[in-house]
Structures are given as C-alpha cells and as structure tokens.
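Below is one structure; the comments refer to it alone.
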Amino acid sequence: MYLGLDLGTSGLKGLLIDGDQRVVGSATAALSVVRPKDGWSEQKPEAWISACRSVLAGLSHGYPKEMAALRGIGLSGQMHGATLVDRKGRAIRPAILWNDTRAHAEAAALDALPFMRDVTGSIVFPGFTAPKLNWLRGHERPAFDRIDKVLLPKDFLRLWLTGDAVSEMSDASGTSWLDVRRRSWSDDALAATGLTRDHMPALVEGSEVSGTVRAALAEEFGLPAGVRVAGGGGDNAASAIGTGVVGEGDAFLSLGTSGVLFAANDGYRPNPASAVHTFCHALPGKWHQMGVILAASDALNWFSGILQTPAHDLTAALGANLQPPGRTRFLPYLGGERTPHNDATIRAGFVGLSHADDRNALVRAVLEGVAFAFRDCQEALSAAGTRIGQCLAVGGGTRSDYWLKLLATVLNVRIELPENGEHGGSFGAARLAIIASGGATVAEACTKPPIARTIEPDLASSEAFQAAYEDYRALYPALKAL
C-alpha cells in the first residue's frame, strides 16, 4: 500500500492506493486562509498538522489492514509558502502563502540583481519564498532572527512525519534560492536574503527517499515500522506525475483555483523575460515550464458568489454550443497576475459593459477572460521555445464543457479529458512513493491515464476569438495606467 498526501490551500487530501495503482480509499480535512490585510494570505502550520492527523486517523479507522501494510508515503503541496521554524521545530509565525503579494517591492529588488535570473531561471515573483524573507527581515526582525530553518508547507509536514528537514527539487525551484540548472541551493541567492545553507533543508529528488515515519506516529496510526517518505513534489509537478506528463512534449492545463499551463522538458530551457516559470520536475534529469495565472476557476467562483448562484448553474445556462465572443471584456486580475505581466498590484475589471449585457453575457466575459489569460501563457511558453499541440485538462473547472470548448478554440489545441479517476497531486505523490519504495520504475509508475474524450477547437469561431484576444491584450496597459 502507498499513501499520497496533498496539502492544498483549502484542504489536505490523503489517497491510499495499492501496488497496481488502484484507489483503495481517501480522506480529507478542510483548511482556511486568513487575510489580515489586502494582498496578505496566511495559514497556521499547526493547522496542517491537525489536518494530517485527521486524515491519517480517518484512513487508519476505515482501512486498518491496508494502513498496516503501508510501504511508502509521498508528499505534494502548495508551493512558495514561507514557513519559519525555530530550533525546536516549531513554527515561529503563520506561514506566508503562495498568493500573498505583500513582498512585491522586495521581489522587484531581488529580481534586479544581475545574477538572480541566471541562477533561478525565472523572474523573482512576489509570491515566491525569497522576497517574503526580505519582507520579514525588514518588518518582523525578531521573527527573522529566530529562524533555524525555512521550510515549504509540505516539508513542514515532512518534518513532523519523519523528524528530518528535507525538501525536493520541484518545490525548491519556486523559492528563488535554488540553482535550477545544477539542482542545488545557491549561496549567492541565499545571501541576498540574509540566509545561508544552514537555514535550508537538505535536498533530494522527488522519487528518492527523504526519511522514514517516526516510530511514535507509526504506532499511533497503526503503520508498520520504517515506512519510507518520498521527496514528493510541488503541487503542479506532482499533478504532472499523476497524469504521466513527464517527457518532452507532454502538457496539461489545470483549471483550478489558479490556472496553470504546464509542459514537461527533457532539458533546461529558461526564458525569464517571458514570465514563464522554469523549474525542476519531480524526477531526476527532468525540468518543466509553466505559465501561471492567479485566478482561473477562482474568478468564476468570485462572480458566482456575487450573484449568489452556483458556478455550475452559471455555466450550464450558456448551453452546449460555443457562442461568439461578446463585446464585454473581463480581465481576471483579482489578486494581481504572474504570466506574462508579473504585476502584483494590477486588479480585475469589466470593460465595455452596456445595457444589452445580461447575466449570461457577463458569465461568458469571465470565462473568456480566463481563456485569454491562458492564451497569454501559451504565447509566453512559445517565446520560451515550448509549443503545445494538445494537452490533458484537469481541475474543477473542467466540469464545464462550454469552458473546455472555449479554451480549445482560444488556444487552438486539442484538449484531452482523462477517464474518471484520480489524477491530481495526491495520486502523483502516491506514485512517487511507489518509485521511492522500489515498487516500480518511473516508466512503470508514470503512465498516462486512459482518455475519456477529446475537445477539438471550433475552427469556425477561431478568427472571431483571435480578434477578441487582441482586444483583450490591448486592455492591460490601459488598466495599469489607472
């Protein structure tokens, strides 16, 4: 048996699978985000431990024999969160999360250092970990001075599970401290934030063993002695493992709270100027590129909250057939944007509203705005040397066929939908646990899922959506000038 633990922003999921990758059981625990000020986003690391205890207890209660046969655990998690730990392994303050933009000035200052982009392969974005430490150094110096280790969220769970401070390459790539080409901490990047390698966890590959479960926890939850804990992966890299997106030319589109257009690479091909993230993959000798937008289904959920109507009902009301683009545009920058703008202060807006616009017109504008933001990511990936002809689609937003048809048309790609089943971060983490425990090779474990159906672009609408996208692109400079 193998267990994948996926620490997300809104909850922690545990997925138990057998050696043939059949799902045996699962358990979840909810988490909440605290936003003390505009642009801030925090969680208490102690809440992650409580959630993990709840998930492990639920699985042990529901599947005692299977948990007693556990061989390995893999970890997946939200990236970039600055989790400060003292010498006793306790959290010093709430973790500053991936979607926290308070450190935008510090990020710009780090990004301006001549060596940073050469080392990290990406822009230093405000949501990354390193600028948050410079913010803390300037605004909460007593907390900064108490730091023994800086961990990422899933690696704080690992510290609790194993007693070892360890991270892995894919998650570490999003800190702005990793030399992504060499897969090692950069002394120069660390020094730019007043840190040294002593403040960093050890590094392993995602498919390697990072430690074993502590004896006390094994006894508490009915696990055998010596359960191995794999390095795991950041949430997107782990999802790629779960969908078999591991080789050159493989890609997926994640239509979740945030949006990701992810392409696996067999080599290191950075292009920071395009605002593409170039990171290590969760497997040795592999990298990946991502275009990232901060509000994908989050934009639709925001609008559904205003209308007090479920998001599914809003998209279902549009019908089955793709409609031509409306005249109203929506720019989905509710909390800033990453690719391609790297702008923490830009905010969303509707443009071109008229008396003729009804609820459906505005819903279409929101869906189109997110699709155009994905097109921005596609253009940035293309500038970085990665062209996508087809991709898997995952995430909650894929429940809308209308949105999928729109995305396929705007991106001019074939979108493939996996058959029902587990393909997310927890499944990818469990696959990494299988590899780390010797239960399968990478090729055996990281297969692609069966495809239920494909969505083809609506070629008859392509020209109209291309013109609408050009309008959309012209609006960002105007909005920024306000």
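Values reported hereafter were calculated over all heavy atoms of this structure, with side chains retained and with hydrogens, waters and symmetry mates removed.
Note on ring orientation: taking the six-membered ring where Trp is involved, the planes of Tyr333 and Tyr472 are tilted (angle from 30° to 60°). Taking the six-membered ring where the residue is Trp, Phe128 and Phe279 present tilted rings, their angle falling between 30° and 60°. Ring geometry for Trp48 versus Phe156: interplanar angle over 60°, hence perpendicular rather than tilted (30 to 60°).
The pair Glu46-Arg90 does not meet the salt-bridge criterion, since no charged nitrogen lies less than 4.0 angstrom from a carboxylate oxygen. A salt bridge does not link Arg375 with Glu470: every distance from a Lys NZ or Arg NE/NH1/NH2 to an Asp or Glu carboxylate oxygen is 4.0 Å or more. Between Asp471 and Arg329 there is a salt bridge, since at least one side-chain N of the basic residue sits less than 4.0 Å from a carboxylate O of the acidic one. Looking at Arg102 and Glu42, a side-chain N of the basic residue comes within less than 4.0 Å of a carboxylate O on the acidic one, giving a salt bridge. A salt bridge links Arg53 to Glu220: one of the charged nitrogens lies within less than 4.0 Å of a carboxylate oxygen. A salt bridge is absent between Asp6 and Lys13; no separation between the charged side-chain nitrogens and carboxylate oxygens falls under 4.0 Å. Salt-bridge check for Arg158 with Asp164: failed, with every basic side-chain N at 4.0 Å or more from each acidic carboxylate O. A salt bridge is absent between Arg214 and Glu219; no separation between the charged side-chain nitrogens and carboxylate oxygens falls under 4.0 Å. Using a cut-off of 4.0 Å between Lys/Arg side-chain N and Asp/Glu carboxylate O, Asp179 and Arg183 are scored as not salt-bridged.
Judged purely by distance below 3.5 Å, without hydrogens or angles, the side chains of Tyr469 and Asp376 pair a donor atom with an acceptor atom.
Atom CZ of Arg347 sits in a crowded spot, with more than 12 heavy atoms from other residues, nucleotides or ligands closer than 6.0 Å. Crowding of Arg182 atom CZ: a count of heavy atoms from other residues, nucleotides or ligands under 6.0 Å not exceeding 12.
Aromatic ring centroids of His80 and Phe125 lie 6.0 Å or more apart. Aromatic ring centres of His199 and Phe144 lie farther apart than the 6.0 Å criterion allows. Taking the six-membered ring for Trp and the full ring otherwise, the centers of His281 and Tyr268 sit at least 6.0 Å from each other. Checked against a 6.0 Å centroid threshold, the rings of Phe303 and Phe350 count as neighbours.
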For a side-chain hydrogen bond (donor to acceptor under 3.5 Å, both in side chains) check, start with the C-alpha distance between Trp98 and Thr9, then their side-chain angles and the critical distance, and finish with the verdict. CA-CA 9 Å; Trp98 60 275; Thr9 312; 2.8 Å; yes
